[in-house]
J.: 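Next up is a structure, given as structure tokens.
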Amino acid sequence: MGTFKIEGGHQLKGSIQPQGAKNEALQILCAVLLTPELVTINNIPDIVDVNKLISLLKKLGVKVEQLSRGTYTFQADKLNLEYLESDAFKIDGRGLRGSIMIVGPLLARFGKGYIPKPGGDKIGRRRLDTHFEGLIKLGAKFRYSKEDQFYGVEAEYLTGTYMLLEEASVTGTANIVMAAVLAKGKTTIYNAACEPYLQQLCKMLNRMGAKISGVGSNMLIIDGVESLGGTDHTMLPDMIEIGSWIGLAAMTKSELTITNVSWDDLGVIPNVFRKLGITVEKQGDDIHIPAHTDGYEIQSFIDGSILTISDAPWPGFTPDLLSIILVVATQARGSVLVHQKMFESRLFFVDKLIDMGAKIILCDPHRATVIGHDFKSTLKATTMTSPDIRAGVSLLIAALSAKGTSTIQNIEQIDRGYENIDERLRAIGARIERVE
Ligand SMILES: CC(=O)N[C@H]1[C@@H](OP(=O)(O)OP(=O)(O)OC[C@H]2O[C@@H](n3ccc(=O)[nH]c3=O)[C@H](O)[C@@H]2O)O[C@H](CO)[C@@H](O)[C@@H]1O
Ligand SMILES: C=C(OP(=O)(O)O)C(=O)O
């Protein structure tokens with residue numbers, strides 16, 4: 001189990017370039033299964049989850065070549081579909097959440113898609129109903145083995161249809177879109193997720209020859225085509241990483257520039273941090289955070305009531321940044337209610353922040369009230385374990401702002417989604433060491 005040792009209480013300075021987006025990469029990599037032709041992908045982050053998916057694709061028979069840092073070619077011309085029935089696949093498929101998105105492309109192109117219950121963060125129940133209900137609507141037969149927790153869909157061919165999704169699931173929409181592009185006829189997906197990564201997927205599929213309209217809205221209309229060809233695709237910067245660095249800058253009173261953030265794809269993210277009183281400046285396509293020497297003050301609602309920050313499907317605020325908001329609020333001037341609506345086990349890490357001296361009341365599994373210290377009292381260094389990827393980074397930010405040396409265990413959770421985080425943080429002045 002890897003560990004970070006962090007000496008906190010130091011100001012950071014400089015610029016940091018966000019990595020390619022983890023959650024986009026997982027969708028895009030699965031889409032290479034839709035064509036026998038060559039697909040080149042740029043800005044692929046070198047993180048555990050993505051590398052696991054690339055390794056799974058290789059075992060499935062995809063030819064993978066790394067051309068340079070972050071750039072790979074993929075060719076799925078001859079696949080080894082027996083791998084899907086192997087014990088190795090049961091282990092590999094469980095290793096990450098994103099593997100679920102191989103099902104739609106495999107079903108569409110080869111008539112069968114299997115997957116063991118996928119992994120990912122233990123942050124509450126993570127249903128797959130939307131995925132499979134959508135694929136069944138396209139004509140697939142579904143089977144599930146309770147014993148192995150193994151899912152399968154099969155169909156000779158898929159037929160386009162109208163569907164209203166029960167919820168705007170991100171990976172669910174991606175899976176259904178990737179199946180529908182090769183279905184016969186027209187598919188309409190209403191209540192589709194519409195976040196930028198899904199838009200990126202749709203744009204990539206259209207470049208490959210798919211006919212998807214409504215991209216960016218919650219109604220996607222897809223005219224099925226016979227086959228898809230190769231393409232070139234470049235991943236967006238990771239918006240969750242960008243939000244993490246905004247929080248890091250404020251909490252450590254550091255001046256930081258986050259470069260090439262693709263502002264147009266950040267939605268409400270900069271404004272939500274502004275509501276905490278953080279100055280988020282737009283400089284071209286960079287974000288500049290000045291040093292918050294005098295702290296930052298949480299705004300109230302117009303009627304004077306306490307601010308609530310909650311998550312919602314895009315274009316609402318992403319649930320993946322609420323843990324960061326929570327930690328940053330512990331040093332703000334004022335109070336805020338953080339309401340995590342989507343996941344029921346993502347706020348329990350506040351116990352660790354409370355141990356460090358933060359003033360937080362966990363009202364119930366979904367809601368926490370934070371009363372900021374306004375830097376009048378610093379957090380105390382401690383030893384902690386990273387329960388999930390975003391809580392892990394939040395604890396890391398807390399440790400960088402705390403006085404003394406903290407230890408974070410189980411950093412595999414952080415490495416799952418943040419590329420070379422210790423080296424990149426050292427480059428802006430953080431004192432962080434990786435100890436095995
Ligand atoms: C690999 C990947 O891309 N993972 C992301 C993806 O996960 P993933 O695609 O698994 O998440 P979903 O969008 O399916 O849903 C997440 C949770 O929110 C609930 N839900 C969802 C939609 C909705 O309208 N109402 C609602 O309550 C679901 O029941 C579920 O518990 O999207 C999540 C929501 O942005 C992010 O946290 C994950 O980082
Ligand atoms: C919850 C997350 O990831 P995953 O869906 O891969 O568990 C995340 O990226 O915050």
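First listed ligand is number 1; within each ligand, the first listed atom is number 1. Numbering starts at 1 and runs along the sequence shown.
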J.: Record the part of Pro313 in heavy-atom contact with ligand 1 below 4.0 Å; permitted values are side chain, backbone, both and neither.
T.: side chain
J.: By the definition side chain to side chain donor-acceptor pair (under 3.5 Å), identify the one residue from Thr383, Thr3, Thr385 that meets it with Gln409.
T.: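 That would be Thr385.
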J.: Between CD of Glu241 and CZ of Arg424, what distance do you get to the nearest 0.5 Å?
T.: 4.0 Å
J.: Decide if atom NZ of Lys282 counts as having more than 12 heavy atoms of other residues, nucleotides or ligands within a radius under 6.0 Å.
T.: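 Yes - once you tally the heavy atoms of other residues, nucleotides and ligands closer than 6.0 Å, there are more than 12.
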J.: Before signing off on this row, confirm whether Met101 and ligand 1 have an N or O atom pair separated by under 3.5 Å.
T.: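 Among all N and O atoms of Met101, none is under 3.5 Å from an N or O of ligand 1.
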J.: Tell me which protein heavy atom sits closest to atom 3 (O) of ligand 2, plus the residue, atom name and distance to 0.1 Å.
T.: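 Answer for atom 3 (O) of ligand 2: Lys22 NZ, 2.8 Å.
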J.: Among all protein heavy atoms, pick out the one at the shortest distance from atom 34 (C) of ligand 1; state its residue, atom name and that distance to 0.1 Å.
T.: Pro319 CG, 3.8 Å
J.: Hey, does Gly98 sit under 4.0 Å from ligand 1 if you only count heavy atoms?
T.: no
J.: Does the residue Arg346 have a heavy-atom contact with ligand 2, meaning some pair of atoms that are separated by less than 4.0 Å?
T.: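 Contact present.
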J.: Can you check whether Thr234's main-chain N or O pairs, donor with acceptor, with Asn43's side chain at less than 3.5 Å?
T.: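 No, because the side chain of Asn43 does not come within donor-acceptor range (under 3.5 Å) of the backbone of Thr234.
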J.: Suppose we measure from atom 16 (C) of ligand 1 to each protein heavy atom; which comes out shortest, and what is that distance?
T.: Phe343 CZ, 3.4 Å
J.: What atoms of ligand 2 come closer than 4.0 angstrom to any heavy atom of Arg126?
T.: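 That gives atoms 4 (P), 5 (O), 7 (O) of ligand 2.
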J.: Are any non-hydrogen side-chain atoms of Ile102 and Leu33 less than 4.5 angstrom apart?
T.: yes
J.: Say you draw a straight line from CD1 of Ile222 to CD1 of Ile212; how long is it, rounded to the nearest 0.5 Å?
T.: 5.5 Å
J.: Decide whether an N or O pair under 3.5 Å exists between Thr318 and ligand 1.
T.: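 No: no nitrogen or oxygen of Thr318 is under 3.5 Å from one in ligand 1.
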J.: Assess whether a salt bridge exists between Arg416 and Asp49, defined as any Lys/Arg side-chain N lying under 4.0 Å from an Asp/Glu carboxylate O.
T.: yes
J.: What are the atoms of ligand 1, with element, lying closer than 4.0 Å to any heavy atom of Arg125?
T.: 31 (O)
J.: Given the protein's heavy atoms, is any one of them under 4.0 Å from atom 39 (O) of ligand 1?
T.: yes
J.: For Thr173 and Ala193, indicate whether the former's side chain and the latter's backbone hold a donor-acceptor pair under 3.5 Å.
T.: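 Yes, the answer is positive, given that a donor and an acceptor are paired below the 3.5 Å cut-off.
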J.: For Arg390, take its heavy atoms, then give the atoms of ligand 2 lying under 4.0 Å from any of them.
T.: 8 (C), 9 (O), 10 (O)
J.: Considering the heavy atoms of Ile389, write down every atom of ligand 2 situated less than 4.0 Å from one of them.
T.: 8 (C), 10 (O)
J.: Roughly how far, to the nearest 0.5 Å, is OG of Ser394 from CD1 of Ile414?
T.: 9.0 Å
J.: For atom 14 (O) of ligand 1, what is the nearest protein heavy atom, given as residue, atom name and distance?
T.: Ser169 OG, 2.6 Å
J.: Counting only heavy atoms not in Tyr157, do more than 12 sit closer than 6.0 Å to its OH atom?
T.: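 Not buried by this count: 12 neighbours or fewer within 6.0 Å.
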J.: Say whether Asp320 and ligand 1 are in contact under the criterion: heavy-atom distance to a ligand atom below 4.0 Å.
T.: yes
J.: Does any N or O atom in Arg127 lie less than 3.5 angstrom from one in ligand 1, N or O only?
T.: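 No; every N/O pair is 3.5 Å or more apart.
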J.: Does any non-hydrogen side-chain atom of Lys186 lie less than 4.5 Å from one of Tyr162?
T.: no
J.: Consider every N or O of Arg97 and every N or O of ligand 2, then say whether any pair is closer than 3.5 Å.
T.: no
J.: Starting from atom 6 (C) of ligand 1, locate the nearest protein heavy atom and write down its residue, its atom name and how far away it is, to 0.1 Å.
T.: Val170 CB, 3.9 Å
J.: Please could you name the atoms of ligand 1 that Leu26 approaches to less than 4.0 Å, counting only its heavy atoms?
T.: 1 (C)
J.: Out of Glu195, Met342, Arg346, who is nearest to atom 18 (O) of ligand 1 when you count heavy atoms only?
T.: Met342
J.: Which residue and non-hydrogen atom of the protein lie closest to atom 7 (O) of ligand 1, and at what distance in Å?
T.: Arg126 NH2, 3.3 Å
J.: Classify the contact between Leu96 and ligand 2 as side chain, backbone, both or neither, using a heavy-atom distance cut-off of under 4.0 Å.
T.: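 Near ligand 2, Leu96 shows nothing, with every heavy atom at 4.0 Å or more.
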J.: Which residue owns the protein heavy atom closest to atom 27 (O) of ligand 1, what's the atom, and how far is it?
T.: Glu167 OE1, 4.0 Å
J.: Are Lys90 and Phe150 in a cation-pi contact, defined as NZ or CZ under 6.0 Å from the six-membered ring centre and within 45° of the axis?
T.: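 Cation-pi check for Lys90 and Phe150: passes.
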J.: Would you indicate whether Tyr190, at its atom OH, is surrounded by more than 12 heavy atoms from other residues, nucleotides or ligands within a distance under 6.0 Å?
T.: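 No, because the 6.0 Å sphere around OH of Tyr190 holds 12 heavy atoms or fewer from other groups.
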J.: Which protein non-hydrogen atom lies closest to atom 4 (N) of ligand 1, naming both residue and atom, and how far is it?
T.: Asn23 ND2, 3.6 Å
J.: Give the residue, atom name and distance (to 0.1 Å) of the protein heavy atom nearest atom 9 (O) of ligand 1.
T.: Thr171 OG1, 2.6 Å
J.: Are the side chains of Arg434 and Phe4 in touch, meaning some heavy atoms are under 4.5 Å apart?
T.: yes
J.: Tell me the contacting part of Arg97 for ligand 1: side chain, backbone, both, or neither, using a 4.0 Å heavy-atom threshold, strictly below.
T.: side chain
J.: Got a salt bridge between Asp320 and Arg346, using NZ or NE/NH1/NH2 to carboxylate O under 4.0 Å?
T.: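 Salt bridge: yes.
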